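Because the structure is predicted, anything quoted here is derived from the model rather than measured.
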Amino acid sequence: MAPSATEGGSIAELNTVSELKEWLFGRVGDDNDIVIDDLQEEYAEQYELEDEKRGIRGSKEWSSNVTAIAKYDGKPKDLGPEWEWDGFKKCRAQGPRDNTGKLMGEGIILWENKDTFQGEFDNGIMNRTGTLTRASENGTKVTGVWKNGLLQGEIKETLVNTGWIEGYYKDGVPHGFYREFGHRINSIHMLRSMGRYYRGVLRGWYWRGHYDYSGFTVGKVDDEGKLTGDDIAYIYPDFKMAINGKFIDGHLVEGHQCELIGSYMDNGMMVPVFSEPSGPAFEYEQPSIRCIALHPLLRDPWEDKKVYVSDSMLPQGGEGLFAKRNIERREVVALYNGIKFKSSTYAAEHMPRSDYRIRLNGDLDMDIPKGYHLTSQYSATLAHKANHSFVPNCEWTLFEHPRFGLIRALTAQKPIARGEEVLVNYMMTLAKSPDWYRCVWIQHMRVVKKGDDKAIQRYIDRQYELQGYRIPLPESEELNVPEPHGVDLNEVPAEYLRDEYQTDESALKLAKERAGIIDKDEKEKTPDDTSRFEEVTEVD
């Protein structure tokens, strides 16, 4: 991605970063734009010839499909009259037939694995147009045209996460340009990836969007279709800063900070251009239940330009987080990394109370180890320094980072001025929260909500009816915030910190034990300790 040359020759003049963003977000990221069709029409044949000359073999699935169809000789004679043969598997089909018994017109197919097809047949089961619903893949759907038993041409695949893929197929595998969209954010579908396939193998320039618009990884894939090489870059969401260097299969191995300075067009694909990398080396930090980061004091350079730690403006707030510059609404303010562990495991069951435990997603929790809340021990990310408020200027979001993986972030709910303290609602369950949190809540109800004792009691009664938990009022409304502390892993039985206790199998075993359906012999192997942590800081 150096600005000196492309494969097709030298670059006379760079395009701007704005032009790159217009292409990526204004065209590729606009689900109403026909950019994929335009690229396919103008460049697909050229790329296909180049890949053939390079000897790219294609995927195993492509080879298997071509071989199977070459051997196809109609319906096997040993299949009964109630069965059809689609070239790969037996199935049942319903629909009108011509005088030779071939399916014609609208009909359906049902396979033994409960996959279904609904659409229109043309001269038999091998040629059809419609939608395949794959029960074996959580109900995902693909709409297109099957010729001689294989999906060919333009397709649309609907995914289980409300996203979809649009692109082109050949011989039953992706072949040509495509793009994938994820769920909606602020009424806009998120661009998840964009690139080109040859016989089921990714080829050439590839853009991968990170979760919740937390940046992009971009580069040329290797001959195996993996995002592996020494000139691959992660671009931060502001499209100004990047980490450029060595990635293996999309994972950061060694990269350095640089700036995005321009772009150029390479046969239909817009390519970013960066300044010379400099500064310390960054790598994937391998966070786990025992490791918050390999380099806990190496600041994230992007976050470092946004926030700093200083004495809080809140009563008994201790240290707080402040904006270094003006922050716009919906801009990511700070990052929240921590140790990661499955929510339903023996280790999670035995975690002592911590002021920093939060929910990452439906499967994982994060926490700050004891002592690492201090910037002298950990400062790679700083969102854990943000104080609580029931009238915050930030909200919790997700962020997919090349160093830390999927983590939490603070995103501005409204503009934040330079020097203003960054505040977020901790979203604790009031009935299980510490006294200081409920004191702050009562003050909020009285001062901000203008509620009297009766209004507060009505709220408590309503929450009890809805959740089954009664919010205990603190003995005193005088605020007394204790010194915060992280989780002390020394209090967790060492065996539960081992890798085998962090697996899905271990989580399933614990769930069965809770439900009382685990075998007696298996239960005897597990210590009978049903103690739970006192509270969990929850994030919706």
How long is the straight-line distance from CZ of Phe399 back to OG of Ser214, given to the nearest 0.5 Å? 5.0 Å
Nearest heavy atoms of Pro280 and Leu298, plus distance in Å: CG-CD1, 3.7 Å
Verdict with reasoning, Tyr178 to Tyr197, per ring-ring contact (aromatic ring centres under 6.0 Å, His included): CA-CA 8 Å; Tyr178 88 100; Tyr197 281 95; 5.2 Å; yes
Looking at Leu360, is its backbone amide N or carbonyl O close enough to the side chain of Arg408 to form a donor-acceptor pair, meaning the two atoms are under 3.5 Å apart? yes
Pairwise side-chain contact, Tyr47 with Asn267, heavy-atom cut-off 4.5 Å (strictly under): yes
Applying the side-chain contact (heavy atoms from CB on, under 4.5 Å) criterion to Leu24, which one of Leu191, Asp30, Val218 satisfies it? Leu191
Working to the nearest 0.5 Å, report the span between CG of Leu406 and CG of Asn361. 6.0 Å
Do side-chain atoms of Asp249 reach the backbone of Lys226 as a donor and acceptor pair under 3.5 angstrom? no
Whether Ser193 side chain and Trp207 backbone form a donor-acceptor pair below 3.5 Å: no
Taking Asn244 for the side chain and Ile232 for the main chain, is one N or O donor matched with an acceptor at less than 3.5 Å? yes
Using atom types as modelled and distance alone, determine if a side-chain donor or acceptor of Ser263 lies under 3.5 Å from a backbone N or O of Thr16. yes
Below 30° counts as parallel, above 60° as perpendicular, anything between as tilted: where do the rings of Phe177 and Tyr43 land? perpendicular
With Glu421, which residues qualify under salt bridge (Lys or Arg N to Asp or Glu O under 4.0 Å), at least two apart? none
Sidechain-backbone polar pair: Lys305 side chain, Arg325 backbone, donor-acceptor under 3.5 Å: no
Carboxylate-amine/guanidinium contact Arg357 Asp355, below 4.0 Å: no
Run the salt-bridge test on Asp231 and Lys246 with the 4.0 Å N-O cut-off and return the result as yes or no. no
Closest non-hydrogen contact found for Arg203 with Tyr198 is CG-CB, 3.6 Å
Which residues satisfy the side chain to side chain contact (heavy atoms under 4.5 Å, CB included) test with Ile34, sequence neighbours excluded? Asp37, Asp38
For the backbone of Glu328 and the side chain of Glu331, can you confirm whether one donor and one acceptor N or O come within less than 3.5 Å of each other? yes
Could you tell me if Lys306 sits above the aromatic ring of Trp302, with its cationic atom closer than 6.0 Å to the ring centre and no more than 45 degrees from the axis? yes
Has Gln316 got a side-chain atom pairing as donor or acceptor with Leu479's backbone, closer than 3.5 angstrom? yes
Asp365 side chain to Ser343 side chain, donor-acceptor N/O pair below 3.5 angstrom: yes
Spacing of CG belonging to Asp363 relative to OG belonging to Ser344, to within rounding of 0.5 Å: 8.0 Å
Looking only at side-chain N and O atoms, does Ser312 offer a donor or acceptor that is under 3.5 Å from a partner on Asn387? yes
Applying side-chain hydrogen bond (donor to acceptor under 3.5 Å, both in side chains), name anything that partners His175, two or more places apart in sequence or on another chain. Glu48
Would you call Met351 and Phe341 a side-chain contact if the rule is heavy atoms closer than 4.5 Å? yes
So, Lys385 side chain and His373 main chain: donor-acceptor pair closer than 3.5 Å or not? yes
For residues 183-202, which residue pairs pass the salt bridge (Lys or Arg N to Asp or Glu O under 4.0 Å) check, not counting sequence neighbours? Asp51-Arg196
Rounded at 0.5 Å granularity, tell me how far CD1 in Ile56 sits from CZ in Arg54. 5.5 Å
His444 side chain vs Val440 backbone, donor-acceptor pair below 3.5 Å: no
Phe390 vs His388 aromatic rings, parallel, tilted or perpendicular, using cut-offs 30° and 60°? perpendicular
Could you check Tyr426 against Ser389 for side chain to side chain donor-acceptor pair (under 3.5 Å), going step by step and ending with a plain yes or no? CA-CA 8 Å; Tyr426 284 0; Ser389 174; over 6 Å; no
Using the side-chain hydrogen bond (donor to acceptor under 3.5 Å, both in side chains) criterion, which residues pair with Glu224? Sequence neighbours excluded. none
Apply side-chain hydrogen bond (donor to acceptor under 3.5 Å, both in side chains) to Tyr234 and list each qualifying residue two or more places apart in sequence or on a separate chain. none
Lys324: partners by salt bridge (Lys or Arg N to Asp or Glu O under 4.0 Å), with sequence neighbours left out: Asp304
Pairs where residues 313-337 contributes a residue and the test ring-ring contact (aromatic ring centres under 6.0 Å, His included) is met, not counting sequence neighbours: Tyr308-Phe322, Tyr336-Trp396
Which of parallel (below 30°), tilted (30 to 60°) and perpendicular (above 60°) describes His183 and Tyr211? tilted
Can a side-chain donor-acceptor contact be found between Asp367 and Ser354 if the only test is distance below 3.5 angstrom? yes
Can you tell me how the ring of His401 sits relative to the ring of Tyr236, calling it parallel under 30°, perpendicular over 60° and tilted otherwise? perpendicular
Are the charged groups of Arg134 and Glu157 less than 4.0 angstrom apart, N to O? yes
Are side-chain heavy atoms of His485 and Arg353 found at a separation under 4.5 Å? yes
With a 4.0 Å cut-off, would you call Arg403 and Glu283 a salt bridge? no
Using the salt bridge (Lys or Arg N to Asp or Glu O under 4.0 Å) criterion, which residues pair with Lys370? Sequence neighbours excluded. Asp488
Exercise: identify the closest heavy-atom pair between Ile339 and Ile292: CG2-N, 3.7 Å
To the nearest 0.5 Å, what is the distance between CG on Leu14 and CD on Glu19? 10.0 Å
Please identify each residue that fulfils salt bridge (Lys or Arg N to Asp or Glu O under 4.0 Å) with Glu500, with sequence neighbours left out. Arg498
Nearest heavy atoms of Val173 and Gly200, plus distance in Å: CG2-N, 3.5 Å
What is the minimum heavy-atom distance between Ser506 and Tyr501, and which atoms define it? OG-O, 3.4 Å
Looking only at heavy atoms, what is the nearest atom pair of Asp31 and Arg179, with distance? O-NH2, 3.6 Å
Does the side chain of Met190 reach to within under 4.5 Å of the side chain of Phe181, using non-hydrogen atoms? no
Ion pair check, Glu303 and Arg299, cut-off under 4.0 Å: yes
Using side-chain hydrogen bond (donor to acceptor under 3.5 Å, both in side chains) as the criterion, list what pairs up with Asn337, not counting sequence neighbours. Tyr378
Gln257 CD to Glu276 CD distance, which is reported to the nearest 0.5 Å: 13.5 Å
Suppose we screen for side chain to side chain contact (heavy atoms under 4.5 Å, CB included). Which residues come up paired with His256, at least two apart in sequence or across chains? Glu254, Pro277, Ala281
For the pair Phe25 and Phe239, name the ring-plane relationship: parallel under 30°, tilted 30 to 60°, perpendicular over 60°. perpendicular
